[in-house]
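Accompanying notes for the structure given below.
Order of the sequence lines fixes the chain letters, A, B, ..., with proteins taken first and strands second; residue numbering starts at 1 for each chain.
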Amino acid sequence: MNAIETMDLTRKFGSLTAVDNVNLKVTEGEIFGLLGPNGAGKSTTISMLCTIMKPTSGTAKVNGYDIVHEPGQVRGSIGIVFQDPSIDDKLTGRENMEMHADLYNVPRDVMHSRIDEVLQLVELEDRASDYVNTYSGGMRRRLEIARSLIHYPRVLFLDEPTLGLDPQSRDHIWSYIRDLKKRENITIILTTHYMEEADELCDRIAIIDRSRIIAMDTPHNLKEELKGEIIILQTNNNDRLVDKLLETELADSITEINGELNLKVKNAHTALPRIVELAVSNSVYVDSISIREPHLDDVFMHFTGREIRETGGRALTGMGARIRGSLK
Amino acid sequence: MITPVLWLVIFGSGLGFSLTIPGFNYQQFLLPGIIAQTLLFTAMFLGISVIWDRQFGFMKEILVAPIGRVSIFAGKMLGVGTSAMIQGLIVILLGFLIGIPLSLYAVCLAIPLMLLITVGLVCIGLIIASFMASLESFGTIVTFVNMPMFFLSGALFPVMNLPWWLKWAFYVNPLTYSVDALRSVMINGWHSILPLEYNILIIVVFDVVTVVIGTYAFGKRQ
Ligand SMILES: Nc1ncnc2c1ncn2[C@@H]1O[C@H](COP(=O)(O)OP(=O)(O)O)[C@@H](O)[C@H]1O
Ligand SMILES: [Mg+2]
């Protein structure tokens with residue numbers, strides 16, 4: 001059975017369509033990622049699936065319950081960690097957990113053992129009786145994850161679980177999520193705008209951009225779709241090399257990220273000598289060269305023609321690059 | 001909590017000289033008005049503070065739990081109502097302390113009345129919160145809802161001696177009847193605008209209407 005199935009799920013805010021006819025199916029037991037830049041419509045999708053926002057049109061089923069007509073049953077069967085903090089920091093960690101357990105009618109006699117169990121999972125058992133306002137950002141996030149698990153939800157929503165966290169806290173949270181999948185028969189749907197996160201954790205990914213799903217597959221297949229490799233070059237004159245490369249058919253796409261040229265090619269081993277030759281014959285000095293497998297960043301680039309991160313990097317593919325070339 | 005004391009003591013003794021209500025001490029007259037004011041302000045402020053919960057995401061945690069919208073509304077009402085009642089009771093205590101004549105019997109009658117009054121006021125706060133997206137318009141609400149409701153309720157001066165055209169502003173204000181009802185039970189020999197039963201009836205009708213609208217608006221908005 002599908003844990004989640006959406007049917008033309010749509011949400012409008014006035015004239016803005018935040019989620020546009022989204023159709024997706026999430027199988028029981030998988031970790032499914034919604035990957036997209038800020039403002040793509042990820043949180044809005046999650047809000048509708050967990051019934052705190054009504055769709056403008058279309059609907060979805062979560063654990064077999066309709067989100068519009070059976071919101072009560074949906075709520076009882078899911079857990080959610082919102083993008084924005086939603087714990088009461090004037091209570092202790094344990095008090096937050098107890099309140100949540102009460103809200104979800106967890107029986108009193110098993111409540112404390114379950115709280116201990118989930119606190120252990122996120123390694124917060126030692127800090128449980130401290131007030132949450134003494135916790136770090138990463139600890140709060142871990143507490144929220146623990147809290148969302150007390151009532152043994154069958155589907156867990158994590159909206160940007162590692163947003164704004166330091167790399168160490170992020171690694172922790174990643175390992176809890178992997179643990180969870182191993183230990184419980186739980187379906188996890190997470191949103192992120194970190195490629196790496198989606199790549200690391202998800203069994204399947206939907207790439208969402210400007211309110212629409214533009215690609216959906218396993219990370220492996222999405223990368224396969226690129227059918228190629230990435231050559232990274234550092235040179236003393238990127239612009240000249242780009243102009244010359246555009247005259248050839250050597251690279252499928254060219255991106256410049258933090259001063260490095262990323263060339264997508266079909267086969268790096270045959271393309272590399274040609275590229276070096278081209279550089280040398282145009283007296284462009286090459287500082288370094290490396291080859292890598294495509295990342296999800298490249299996949300996002302491929303499908304949208306844009307870089308997922310707002311900072312650093314500019315896309316020089318297709319028309320854009322040509323226009324830029326001819327302007328000089 | 002400082003405000004009601006200031007009102008009672010300073011305003012009470014200050015205005016007392018210029019305003020005489022035959023047969024009563026002005027502070028005695030003022031106390032029920034200040035109780036109503038305290039209930040009004042606490043209930044409205046805390047009611048509107050639901051927006052705050054919403055902005056800080058805490059409300060989401062409640063809204064996504066498998067509990068009905070009506071119970072969330074009722075819970076919020078209970079919480080805010082309790083705070084307002086506590087504030088109101090403190091004002092009564094202050095009244096005692098500054099020597100306003102009050103019988104225990106009067107207090108026993110006043111408490112259930114205060115409860116009735118609070119329900120409607122909390123609901124107004126929650127209704128306003130349902131229609132507001134952010135706390136930015138909070139000041140406007142205070143200026144255009146709280147202040148008129150307070151000043152046009154007879155909390156500070158008797159309604160009876162006002163010109164007829166101004167009286168209407170008081171008569172459409174539900175708080176007028178709350179203040180009047182409180183005075184009926186707290187001041188011996190008070191000549192009320194309406195008989196106590198009618199006052200109570202008006203308050204109850206107001207409560208029912210605001211509860212119905214509130215439950216609906218609250219469920220819709222969230
Ligand atoms: N309550 C709202 N009212 C109006 N616009 C909204 C609201 N929530 C989200 N939006 C808009 O909808 C779009 C999608 O937002 P969101 O789902 O939060 O994106 P994401 O989570 O992918 O960053 C954005 O343009 C955002 O400004
Ligand atoms: Mg978001």
Side-chain angles (χ1 to χ4, degrees), chain A residues 13-14 43 46-54 62-63 65 67 70-91 95-106 132-133 140-141 143-145 147-148 150-157 159-160 163, chain B residues 1 42 45-84 86-87 122 125-138 212-222:
Chain A
F13 296 109
S43 297
I46 299 287
S47 296
M48 288 189 284
L49 291 178
C50 70
T51 75
I52 56 176
M53 195 183 273
K54 286 210 171 76
V62 175
N63 288 319
Y65 303 117
I67 56 166
E70 302 163 293
Q73 279 98 323
V74 173
R75 285 186 207 129
S77 66
I78 61 170
I80 171 158
V81 174
F82 294 102
Q83 179 173 335
D84 302 318
S86 66
I87 28 178
D88 191 337
D89 62 5
K90 290 184 220 73
L91 298 180
E95 282 165 352
N96 264 293
M97 303 296 255
E98 285 168 355
M99 193 182 110
H100 182 94
D102 269 344
L103 283 175
Y104 283 80
N105 293 320
V106 175
V132 174
N133 56 21
R140 286 173 196 224
R141 213 58 182 152
L143 186 71
E144 287 184 305
I145 293 179
R147 182 178 69 175
S148 67
I150 299 178
H151 57 284
Y152 293 156
R154 278 151 58 203
V155 173
L156 177 64
F157 294 93
D159 196 358
E160 310 257 10
L163 186 69
Chain B
M1 209 46 238
T42 319
F45 282 0
L46 293 181
I48 293 176
S49 72
V50 177
I51 298 173
W52 203 249
D53 296 344
R54 218 160 45 206
Q55 273 178 350
F56 281 108
F58 182 63
M59 199 65 182
K60 277 192 185 167
E61 148 80 355
I62 309 276
L63 288 173
V64 80
I67 40 179
R69 291 298 176 260
V70 176
S71 19
I72 297 175
F73 182 77
K76 203 66 212 177
M77 221 169 81
L78 213 68
V80 176
T82 310
S83 311
I86 291 174
Q87 300 275 323
V122 176
L126 292 174
I127 292 169
I128 293 174
S130 306
F131 290 109
M132 273 165 66
S134 74
L135 271 178
E136 269 156 41
S137 29
F138 192 76
V212 170
I213 298 178
T215 315
Y216 180 77
F218 201 76
K220 223 18 197 199
R221 175 67 172 102
Q222 308 296 343

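Looking at every heavy atom in both residues, A:D84 comes nearest to B:K60 through OD2-NZ, 4.3 Å. Residues B:A65 and A:Y104 share a closest heavy-atom pair of CA-OH, 3.5 Å.
With rounding to the nearest 0.5 angstrom, the CZ atom of A:R75 is 9.0 Å from the CD1 atom of B:I67. Between the CD1 atom in B:I62 and the CE atom in A:M99 there is a gap of 4.0 Å [rounded to 0.5 Å].
Heavy atoms of A:H100 lying under 4.5 Å from chain B belong to its backbone as well as its side chain.
Ranked by heavy-atom pairs under 4.5 Å with chain B, the first of A:G72, A:S77, A:P85, A:S148 is A:P85.
B:E61 pairs with exactly one of A:I87, A:I80, A:L103, A:V81 by the side chain to side chain contact (heavy atoms under 4.5 Å, CB included) rule, that one being A:L103.
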